[in-house]
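Just below is one structure, and these are the notes that go with it.
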Amino acid sequence: MSLFAVDGLSKSFGGVRAVREVGFGLDAGEMLALIGPNGAGKSTCFNVLTGQLAPDVGRVTFDGHAITGLSPQAIWRLGIGRTFQIAATFRSLTVRENVETALLSRAGGLRGFWRPAAGRVGAQAGALLARVGIAGLSARVCGTLAYGDLKRVELALALAGQPRLLLMDEPTAGMAPAERRALMALVASLARAEKIAVLFTEHDMEAVFSHADRVIVLDRGAKIAEGPPAAIRADARVRAVYLGKDAVEPRR
Ligand code: ADP
Ligand code: MG
């Protein structure tokens, strides 16, 4: 059985069927890309999976637990993390302070003896920053960072929650191509090394095809294809919803 299983998920907004009977499974350590043109329903899927939105119908299970209808906080506590937008990082705090805050919040439910000592949190923060490649920036105030570095801080904040599944909706939005590919390569190596399942959306098809183990294509809310990158790249139906001859590129 999959670590994460989505079955018959649908969500409408008035007359717009944003997500229609979508289902898939995801295993530990696997990178699964959710792609499709603008308006295909990717973000709506994410918002349902993180508990921000209730689905009309459908069932989502994580590690055997039904999570449909749980609050975002309850879903996060089960080990499903997500990357947040820039606003979520405290811009006036340093990189290290942000990560320490996230680590303490993870430990928030622990009391007394079980609470990690300050020194231990500091060491964990240092290790996390090294893992995402920004150990050298730990004393910098977040508000002064370059955009790509801020994205790495966001990744460190998500990892601070020790997720077993990471949901990333457009984690590289606004980044230059080389930077996005580097970030996705980092995420892929972390996923494999630490057996974290990752579901992500990404507009850069090169990043998708290089780093996803499997790709799901949505069009107007429905899943139209699912398979390994090479099969998706060659799929006539997928190519039809995108422009471009040599590479699958998003329709803008
Ligand atoms: P994607 O992330 O693939 O670009 P979205 O999930 O954001 O697609 O949107 C899917 C469809 O649902 C679009 O037609 C969009 O206009 C509509 N939609 C998304 N969120 C809302 C909302 N909160 N209220 C009404 N319609 C929405
Ligand atoms: Mg979106």
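Values in this document were obtained by computation on a predicted structure and should not be read as measured data. Residue indices begin at 1 and follow the sequence shown. Order of listing sets the numbers, starting from 1, for every ligand and every atom in it.
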Item to check | Nearest heavy-atom neighbours spanning Gly81 and Pro163 | outcome: N-CB, 3.6 Å
Checklist entry - At their closest point, which heavy atom of Pro37 faces which heavy atom of Val241, and how far apart are they? => result CG-O, 3.8 Å
Next on the checklist: Using the side-chain contact (heavy atoms from CB on, under 4.5 Å) criterion, which residues pair with Ala182? Sequence neighbours excluded.
Outcome noted: Arg152
Checklist entry - side-chain contact (heavy atoms from CB on, under 4.5 Å) with Ser12: which residues, sequence neighbours excluded? => result Arg17, Asp56
Checklist entry - With a 4.5 Å limit on heavy-atom distance, are the side chains of Asp27 and Ser2 in contact? => result yes
Next on the checklist: So Arg131 and Glu194, do their side chains get closer than 4.5 Å, heavy atoms only?
Outcome noted: yes
Checklist entry - Counting N and O atoms only, with roles assigned by atom type, does the side chain of Arg140 sit under 3.5 Å from a partner on the main chain of Thr94, one being a donor and the other an acceptor? => result no
Item to check | Shell of residues surrounding ligand 1, defined by a 4.0 angstrom heavy-atom cut-off that is strict | outcome: Phe13, Val16, Ala18, Pro37, Asn38, Gly39, Ala40, Gly41, Lys42, Ser43, Thr44
Item to check | Neighbouring protein N, O or S atoms of the Mg ion (ligand 2) [cut-off: under 2.8 Å, no waters] | outcome: Ser43 OG
Checklist entry - Cation over ring, Arg82 on Phe46, under 6.0 Å and within 45°? => result no
Next on the checklist: Using side-chain contact (heavy atoms from CB on, under 4.5 Å), reason through Met31 and Met184 one step at a time and then give a plain yes or no.
Outcome noted: CA-CA 10 Å; Met31 292 277 290; Met184 289 320 297; 4.0 Å; yes
